[in-house]
2 protein chains.
Amino acid sequence: MSAEIRAIGHNGLMNSRAVIPPRATRSERKRQTREALLEAALEQLEDRGFGSLSLREVARSAGIVPTGFYRHFDGMDELGLALVEESFRTLRQMIRSARAGRTDMTNVIRASVEILVRHVHEHRLHFRFIARERSSGVPVIRRAIHNEIRLFSSELAVDLARMPFLSDWSGEDLHMVSGLLVDTMVSTAEAILDADPGDPAAEREIVRAAEKRLLLIALGVPQWRPAGRESAAAGAATAT
Amino acid sequence: MSAEIRAIGHNGLMNSRAVIPPRATRSERKRQTREALLEAALEQLEDRGFGSLSLREVARSAGIVPTGFYRHFDGMDELGLALVEESFRTLRQMIRSARAGRTDMTNVIRASVEILVRHVHEHRLHFRFIARERSSGVPVIRRAIHNEIRLFSSELAVDLARMPFLSDWSGEDLHMVSGLLVDTMVSTAEAILDADPGDPAAEREIVRAAEKRLLLIALGVPQWRPAGRESAAAGAATAT
DNA sequence: ACTTTCGGTGCACAGATGTTCACCGAACTC
DNA sequence: GAGTTCGGTGAACATCTGTGCACCGAAAGT
């Protein structure tokens, strides 16, 4: 059944349900309160882990009664998984915009970091959620996030393989570097989330450091197994 | 130690403390139950975040009654901060042993990763604690861990400054690379913690990837501003 | 041998939590 | 227009939580 009426997007960040949407089809209203539940959970993650969220409190600040919660999810875990899905949907959207603007690669590093930072600001709560729950708390959510990130890293490896100076790299090495890049980006996102919003100096410092990190990694790439032979020989790497 | 649940609702005259060393000075026994509380908390972090730990449950599995908890900490937060301190004490101990064995630096990477892995196994619960609570949950604990890690990164920067090929680096750049190294190590530790113990193949893979990451970073170092002036060496990433 | 200190106990309380159940009324189906 | 679906309600439950209080008994101090 298509026929979805598209009303205005969402009701802003207000934590209470405020006034009831006057006119809406039933499934549309259901979708709205479902979104309100997700939003309420995201907001309450400011000073608590997902595992310490209470169903009642989430329902309350979403504007419904505790038992109404079960009309949408059959427990907090399912709500959490929905949050993972939603968060990574916006993340993939970020990747798309990153791929879109990659005409020249002279400043690919700067551009990537800038896109990352912009999306962290635009979807702060989503990033905070995955940053917070990535390593912590409820196992099922941790697993889900880890799977998404791994998948994500694999996609980046495929992208990297297309680049000229990486075209002859082994799959294992490609995945290594993509993993390193992803982890670096994750660290950067976490740093930005921790730095308080409204302090542009601190954020610029983070961005600066992130760009340097990525540049350092990029500088290592041409030196990777320069002779095609094995072996590490860290000290052996010489300048051109 | 005694993680067993005391099923009976009202304990009669059963000595709940299990067996304790019969002879001990009072302050020594206090230290012991304090340690039991810390241990109990660490163990219960397996499938929950620190924020969802309950004072009662921790006290129970430590073998004391809930109110007895307050003889040692005045709340779970303080217990958490004690855990942070304890955990980083063992971490610094690791660093010392890392510094001890650095005779030759041909395989400094391999040696570092190996030390990291060994300590993760030896102090699994401590590492799991800081990995879990690093980004999540209770703000006060998160801050404490972040401060420790930042301090830690600074110390590493000082160490790096002593190395010949890094001696002329600026403080900012040194801190950048130390931060990158620390984050990489943290990621490696998290990966090892996630991989189940007893699967040596998976772990070898993680170690292998970690060594490659560090090598790639190391290979970038000699290329870092080779002429001392602007102009990043590889055409990879300069821009305005 | 006395007094003090203090880690640990037991009880009690008010509040919060997840989940059940029967019920309502407006939106949907026919 | 009659009947059904279904998102939301409110009361009730058993259970768990953190914390205050008075008390105990043995170790420590004198």
Side-chain angles (χ1 to χ4, degrees), chain A residues 1-5 7 16-38 40-41 44 48-80 82 138, chain B residues 2 5-38 40-41 44 48-80 82 138:
Chain A
M1 316 308 174
S2 51
E4 276 197 4
I5 300 179
S16 70
R17 292 269 280 119
V19 283
I20 320 154
R23 274 297 139 218
T25 166
R26 186 151 70 183
S27 66
E28 171 60 16
R29 291 185 60 154
K30 174 167 185 177
R31 200 193 58 81
Q32 279 183 333
T33 69
R34 190 188 129 107
E35 203 61 35
L37 286 169
L38 294 171
Q44 298 198 347
R48 335 169 60 192
F50 182 84
S52 355
L53 290 192
S54 94
L55 183 152
R56 289 180 101 104
E57 201 170 349
V58 168
R60 189 183 319 139
S61 89
I64 63 174
V65 92
T67 55
F69 182 95
Y70 296 104
R71 302 295 184 193
H72 302 269
F73 310 97
D74 63 35
M76 285 295 290
D77 283 14
E78 197 172 298
L79 185 271
V138 196
Chain B
S2 65
I5 302 173
R6 194 167 314 288
I8 39 182
H10 55 290
N11 58 353
L13 295 176
M14 298 281 292
N15 184 2
S16 54
R17 290 276 287 124
V19 276
I20 31 180
R23 275 297 143 224
T25 166
R26 186 149 70 182
S27 67
E28 171 60 17
R29 291 184 61 154
K30 174 166 183 177
R31 201 194 57 82
Q32 279 183 332
T33 68
R34 190 189 130 107
E35 204 60 36
L37 285 169
L38 294 171
Q44 297 197 349
R48 336 169 61 192
F50 182 84
S52 357
L53 290 192
S54 96
L55 181 151
R56 290 183 99 104
E57 201 170 347
V58 168
R60 190 184 319 141
S61 90
I64 63 174
V65 91
T67 56
F69 181 95
Y70 296 104
R71 302 296 184 192
H72 302 269
F73 310 97
D74 62 37
M76 285 295 289
D77 283 15
E78 197 172 297
L79 185 270
V138 197

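Chain identifiers are assigned alphabetically (A, B, ...) following the order of the sequence lines, protein sequences preceding nucleic acid strands; residue numbering begins at 1 within each chain.
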Participant: Tell me every residue that passes side-chain contact (heavy atoms from CB on, under 4.5 Å) with B:S54, counting only those two or more places apart in sequence or in another chain.
Facilitator: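 Listed in chain order: B:R56, B:E57.
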Participant: Could you tell me how far apart B:K30 (NZ) and C:dC6 (P) are, to the nearest whole angstrom?
Facilitator: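 Distance, rounded to whole Å: 8 Å.
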Participant: Give each protein N/O atom lying under 3.5 Å from an N/O atom of nucleotides 1-4 of chain D, with the pair distance.
Facilitator:
none

Participant: Between the base of C:dG18 and the side chain of A:R56, is there a donor and acceptor pair under 3.5 angstrom?
Facilitator: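 Check passes, donor-acceptor contact within cut-off.
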Participant: Quick one: closest heavy-atom pair of A:G51 and B:S52, and the distance?
Facilitator: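 Closest heavy-atom pair between A:G51 and B:S52: C-OG, 3.8 Å.
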Participant: Given atom CD1 of A:I64 and atom P of C:dC24, what is their separation to the nearest angstrom?
Facilitator: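 The distance from CD1 of A:I64 to P of C:dC24 comes to 21 Å, rounded to the nearest Å.
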Participant: Between B:Y70 and B:L55, is there a side-chain heavy-atom distance shorter than 4.5 Å?
Facilitator: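 The answer is yes; the side chains approach within 4.5 Å.
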Participant: Can you check the B:E57 CD to D:dT19 C1' distance for me, whole Å?
Facilitator: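 Nearest whole value for this atom pair: 18 Å.
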Participant: Return the set of residues passing salt bridge (Lys or Arg N to Asp or Glu O under 4.0 Å) with A:R71 (not counting sequence neighbours), or none when no residue passes.
Facilitator: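 A:R71 satisfies salt bridge (Lys or Arg N to Asp or Glu O under 4.0 Å) with no other residue.
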Participant: Work out which heavy atom in B:F50 is nearest to a heavy atom in B:G80; give both atom names and the distance.
Facilitator: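 Heavy-atom minimum between the residues: CZ-CA, 3.4 Å.
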Participant: Determine whether B:V58 and B:M76 make a side-chain contact, defined as any pair of heavy atoms from C-beta on separated by less than 4.5 Å.
Facilitator: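 The answer is yes, as the side chains (C-beta and beyond) meet within the 4.5 Å cut-off.
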Participant: Specify the separation, in whole Å, of atom CG of B:L53 and atom C1' of D:dC16.
Facilitator: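 That distance rounds to 15 Å.
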Participant: Determine the minimum heavy-atom distance between A:A40 and A:S61, stating which atoms define it.
Facilitator: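 So the minimum-distance heavy-atom pair works out to CB-OG, 3.1 Å.
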Participant: Considering just the side-chain nitrogens and oxygens of A:T25, establish if one lies under 4.0 Å of OP1 or OP2 belonging to C:dC28.
Facilitator: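 Affirmative; the distance criterion is met.
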Participant: Can you list, by residue number, the residues of residues 67-79 of chain B that have a non-hydrogen atom closer than 4.0 angstrom to DNA chain D?
Facilitator: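 Those residues whose heavy atoms fall under 4.0 Å from DNA chain D, taken from residues 67-79 of chain B in numerical order, are B:T67, B:Y70.
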Participant: Which pair of non-hydrogen atoms, one from A:L37 and one from A:F69, has the smallest distance, and what is that distance?
Facilitator: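 In this case the closest contact between A:L37 and A:F69 is CD2-CD1, 4.0 Å.
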Participant: For the side chain of A:R60, starting at C-beta, report the closest nucleotide among D:dG18, C:dG10, C:dT17.
Facilitator: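 From the listed options, C:dT17 comes nearest.
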Participant: For A:L79 versus A:A41, what's the shortest heavy-atom pair and its separation?
Facilitator: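 Closest heavy-atom pair between A:L79 and A:A41: CD1-CB, 3.6 Å.
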Participant: Within this structure, what is the CD-to-P distance between A:E28 and D:dC6, rounded to whole angstrom?
Facilitator: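 Whole-Å distance recorded here is 17 Å.
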